[in-house]
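Here's the structure, in structure tokens; my notes come after.
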There are 2 protein chains.
Amino acid sequence: MKKLVRLPEAELSVMRAVWRLEAPVPTGAIRSRLERERPWNLSALQTLLSRLAERGYLSVGKEGRQNVYTPLVSEGEYLAFENAPFLEGRGLPGLVTALYDSRSIGREDLEELRAFLDEAMGKEGGT
Amino acid sequence: MKKLVRLPEAELSVMRAVWRLEAPVPTGAIRSRLERERPWNLSALQTLLSRLAERGYLSVGKEGRQNVYTPLVSEGEYLAFENAPFLEGRGLPGLVTALYDSRSIGREDLEELRAFLDEAMGKEGGT
DNA sequence: GCCTCACTCCTACAAATGTATGTTTTTATA
DNA sequence: TATAAAAACATACATTTGTAGGAGTGAGGC
């Protein structure tokens, strides 16, 4: 398991964009994906991309003369990493409970989740 | 709903400690709670606490001579806030799937979660 | 061939964050 | 009562993060 580091806000936004695009992703695609949310100056974005590469979150390749980026850390891995302190203390049910209690998710979400689990695991729940 | 801001690493560790203690929490209690993980210099910790108060994450009171802190944002609210971009895109099942696919949680965790949901909502799941 | 576009890469710098020192005030106590 | 322990509070400063400017370079249009 890679040694992850908590990403600063701006870099995390960039990663989220990359995760949602088809790798390898050219800079321009990332830029347009983010233009509503964070209309960065091109150089600013490039700085963030290289920092992400330094940190081992992205690999950089070339497609012609353009840089293309591929995530080296999946969104799930990162999510697990960020939520680890909570998950360790209280487990997945604890997480769901906390979200529910703070009204961040509702009863429908729980229903949906249960249906999803039943579907994914089969109703038997064998080992 | 308060306007939350993503906390920097150090401040977040402090919040996690506060969340796990009984409010209102005196500085010393936070300090000892964190001494393994982040053995901060007392002033360093005090700086972080006042920054958290400025940001509206903690309220500060006095208990005799000492400062005592009370969270103004619950752990669940914060969790929801941090995971919001993911949850909006993919919902709770998506989150669980991402964790599972990245092997951050295992099949037992899913079993446990399902059992928990069955318990919490009743097996019928009617609305 | 020359210009413009679209990028890359290097450099810079203000603001935010992480960590510590020094000073003062309390309270407890040898 | 002099001394030490505990903590507040102000201040400082190195490092990291956020954002941008500018120089260089291949590609396509004219």
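Proteins come first, then strands; the chains are lettered A, B, ... in the order of their sequence lines, and each starts at number 1. All heavy atoms count here, side chains included; hydrogens, waters and symmetry mates do not. Computed from a predicted structure; not experimentally measured.
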Under the side-chain contact (heavy atoms from CB on, under 4.5 Å) test, residues paired with [X] that sit two or more places apart:
X: R38(A); result: E9(A), A10(A), S13(A), W40(A)
X: Q66(A); result: P26(A)
X: P85(B); result: R16(A)
X: E108(B); result: none

If a pair satisfies side-chain hydrogen bond (donor to acceptor under 3.5 Å, both in side chains) and one of its residues is in [range], list it, with sequence neighbours excluded.
range: residues 24-33 of chain A; answer: none
range: residues 78-88 of chain A; answer: R6(A)-E82(A), Y78(A)-E82(A), E82(A)-R6(B), N83(A)-N83(B)
range: residues 89-101 of chain B; answer: E75(A)-R90(B)

* In residues 37-62 of chain B, what residues come within less than 4.0 Å of DNA chain C, judged by heavy atoms? ->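 R38(B), W40(B), N41(B), S43(B), A44(B), T47(B), R51(B), R55(B) - these, ordered by number, are the residues of the stretch whose heavy atoms sit under 4.0 Å from the strand.
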* Where along residues 5-21 of chain B does a heavy atom fall under 4.0 Å from DNA chain C? ->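 DNA chain C contact set from residues 5-21 of chain B: P8(B), E9(B), A10(B).
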Please set out all donor-acceptor pairs under 3.5 angstrom arising from side-chain atoms of residues 45-54 of chain B, sequence neighbours excluded.
from	atom 1	to	atom 2	distance (Å)
T47(B)	OG1	S43(B)	O	3.0
S50(B)	OG	Q46(B)	O	2.9
S50(B)	OG	T47(B)	O	3.2

* Rounded interatomic separation in angstrom, taking CZ from R65(A) and C1' from dG28(D) ->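 After rounding, the reported distance stands at 11 Å.
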* Roughly, in whole Å, what's the span from CG in L34(A) to P in dG18(D)? ->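 Rounding to the nearest Å, CG of L34(A) and P of dG18(D) are 14 Å apart.
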* Asked: How does the hydrophobic cluster around L42(A) look, that is, which other residues are in it when side-chain heavy atoms under 4.5 Å mark a link?
  ->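 Hydrophobic cluster check, L42(A): no partners found.
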* Positional range of nucleotides in DNA chain C within the contact set of chain A, heavy-atom, under 4.0 Å ->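 The contacted stretch runs from dC7(C) to dC9(C).
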* Is there a chain of hydrophobic side chains (I, L, V, M, F, W, Y, each step under 4.5 Å between heavy atoms) that links L4(B) to L87(B)? ->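 L4(B) and L87(B): separate clusters.
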